[in-house]
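So the structure is just underneath, and the comments pick up after that.
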Amino acid sequence: MGAGRRSADPTEIVAYDPWGDAADTKARLNSYKHILLGCIYEDHWEDRGPHEYSYHHFTATVVRSYKGDWRTSERITFVQGLDYPALTVSNVSVGRLVFLFTDEHKNTEIGFETGDVMNYDAELGQFLQYAYPERRGR
């Protein structure tokens with residue numbers, strides 16, 4: 001994963017390699033209302049039976065809000081449907097940092113699609129910090 005080229009204009013969103021060129025990257029980032037970095041502090045699995053998606057439920061604390069109105073320290077609860085068997089252990093992801101891409105801001109569980117949750121990657125973190133500089137009051 002590489003951060004692509006750097007622009008002389010710090011407000012310009014530049015290419016992030018997995019998302020294509022600068023236009024693809026800008027379109028992807030602009031398609032979300034909220035871009036967050038969260039730290040998972042609780043997780044558990046829900047086995048829905050054979051031939052069904054397993055649900056992995058998470059609760060995290062917002063560490064940083066790159067875009068949108070989520071605040072640092074807010075809790076976010078979310079779920080992902082995965083096409084493999086549920087694990088039988090809980091809290092295996094505690095302490096993991098994840099990027100969250102969503103349009104929702106609510107106190108109830110949010111469903112995330114594939115690609116809307118990404119494990120922390122330092123290069124992506126730098127890229128997002130560059131694309132969305134720290135806002136005052138966050």
Side-chain angles (χ1 to χ4, degrees):
M1 292 185 155
R5 67 172 176 81
R6 282 205 161 240
S7 168
D9 180 357
T11 62
E12 181 184 339
I13 296 173
V14 297
Y16 184 67
D17 291 346
W19 297 333
D21 64 16
D24 293 335
T25 299
K26 186 173 186 174
R28 179 180 169 95
L29 294 175
N30 285 341
S31 72
Y32 296 103
K33 283 184 175 182
H34 310 283
I35 300 174
L36 314 168
L37 177 63
C39 182
I40 296 171
Y41 69 85
E42 183 179 286
D43 72 281
H44 68 276
W45 289 83
E46 178 184 345
D47 185 351
R48 299 182 60 236
H51 311 295
E52 296 291 331
Y53 281 105
S54 298
Y55 286 160
H56 196 177
H57 300 268
F58 301 89
T59 305
T61 300
V62 175
V63 175
R64 177 159 183 185
S65 175
Y66 294 95
K67 179 182 176 188
D69 60 5
W70 283 86
R71 300 256 182 221
T72 300
S73 299
E74 273 190 90
R75 291 184 179 174
I76 182 169
T77 304
F78 62 98
V79 62
Q80 281 190 291
L82 304 167
D83 62 353
Y84 49 86
L87 298 180
T88 58
V89 295
S90 296
N91 296 324
V92 295
S93 297
V94 169
R96 193 174 94 199
L97 292 172
V98 291
F99 294 108
L100 304 166
F101 302 88
T102 184
D103 289 330
E104 299 185 66
H105 186 176
K106 59 185 184 177
N107 294 326
T108 57
E109 191 171 66
I110 300 170
F112 278 83
E113 300 289 328
T114 300
D116 291 344
V117 177
M118 297 175 69
N119 286 327
Y120 176 79
D121 171 86
E123 285 186 279
L124 178 54
Q126 285 179 316
F127 176 81
L128 290 171
Q129 188 171 350
Y130 177 76
Y132 300 98
E134 189 79 36
R135 295 169 289 166
R136 295 185 186 263
R138 290 308 219 191

Does [X] reach the side chain of [Y], with side-chain heavy atoms less than 4.5 Å apart?
{"X": "Leu29", "Y": "Leu128", "value": "yes"}
{"X": "Ile76", "Y": "Phe58", "value": "no"}
{"X": "Val117", "Y": "Phe99", "value": "no"}
{"X": "Thr102", "Y": "Asp116", "value": "no"}

Identify the heavy atoms of [X] and [Y] that sit nearest to each other, and give their distance.
{"X": "Glu113", "Y": "Gln80", "answer": "O-NE2, 4.0 Å"}
{"X": "Ser54", "Y": "Pro85", "answer": "OG-C, 3.5 Å"}
{"X": "Ser65", "Y": "Leu36", "answer": "OG-CD2, 3.8 Å"}

(Q) Just to verify, what does Phe112 make a ring-ring contact (aromatic ring centres under 6.0 Å, His included) with, not counting sequence neighbours? (A)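 Partners of Phe112 under the ring-ring contact (aromatic ring centres under 6.0 Å, His included) test: Phe78.
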Q | Partner set under ring-ring contact (aromatic ring centres under 6.0 Å, His included) for Tyr41, not counting sequence neighbours | A | none
Q. Under a single-linkage definition using a 4.5 Å side-chain heavy-atom cutoff for Ile, Leu, Val, Met, Phe, Trp and Tyr, are Ile110 and Tyr55 assigned to the same hydrophobic cluster?
A. no
Q) Linking I/L/V/M/F/W/Y whenever any side-chain heavy atoms sit under 4.5 Å apart, do Val94 and Leu97 land together? A) no
Q: Among Lys33, Arg71, Glu74, His34, find the one that has a side-chain hydrogen bond (donor to acceptor under 3.5 Å, both in side chains) with His105.
A: Glu74
Q.
Restricting to side chain to side chain contact (heavy atoms under 4.5 Å, CB included), what partner residues turn up for Asp47, sequence neighbours left out?
A.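 Partners of Asp47 under the side chain to side chain contact (heavy atoms under 4.5 Å, CB included) test: Ala86.
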**Q.** side chain to side chain contact (heavy atoms under 4.5 Å, CB included) partners for Glu52, two or more places apart
**A.**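 Scan of Glu52 (side chain to side chain contact (heavy atoms under 4.5 Å, CB included), adjacent residues dropped) gives Arg48.
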Q. Once the angle between the rings of His44 and His57 is folded into 0 to 90°, is it parallel (under 30°), tilted (30 to 60°) or perpendicular (over 60°)?
A.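 Rings of His44 and His57: parallel, under 30°.
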Q | Tyr120 atom OH: more than 12 heavy-atom contacts under 6.0 Å | A |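 Check passes, neighbour count above 12.
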Q: Measure the CG-CZ distance between Leu37 and Arg64 for me, rounded to the nearest 0.5 Å.
A: 8.5 Å
(Q) Please report the interatomic distance CZ(Arg75) to CH2(Trp70), rounded to the nearest 0.5 Å. (A)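 The CH2 atom of Trp70 is 12.0 Å from CZ of Arg75, to the nearest 0.5 Å.
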Q. To which residues is Leu87 joined in a hydrophobic cluster, defined by side-chain heavy-atom contacts under 4.5 Å among Ile, Leu, Val, Met, Phe, Trp and Tyr, whether direct or through other members?
A. Trp45, Leu82, Tyr84, Val89, Val92
(Q) Taking Tyr32's backbone N and O only, do any of them form a donor-acceptor pair with Lys67's side chain (distance below 3.5 Å, no angle check)? (A)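 Side chain of Lys67 to backbone of Tyr32: a pair is present.
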Q: Spell out, as yes or no, whether a donor-acceptor pair under 3.5 Å connects the side chain of Asn91 to the backbone of Asp43.
A: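 It does hold such a pair.
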Q: Please name all residues satisfying side chain to side chain donor-acceptor pair (under 3.5 Å) with Asn119, sequence neighbours left out, ordered by chain then number.
A: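 Asn119 satisfies side chain to side chain donor-acceptor pair (under 3.5 Å) with Arg96 once adjacent residues are dropped.
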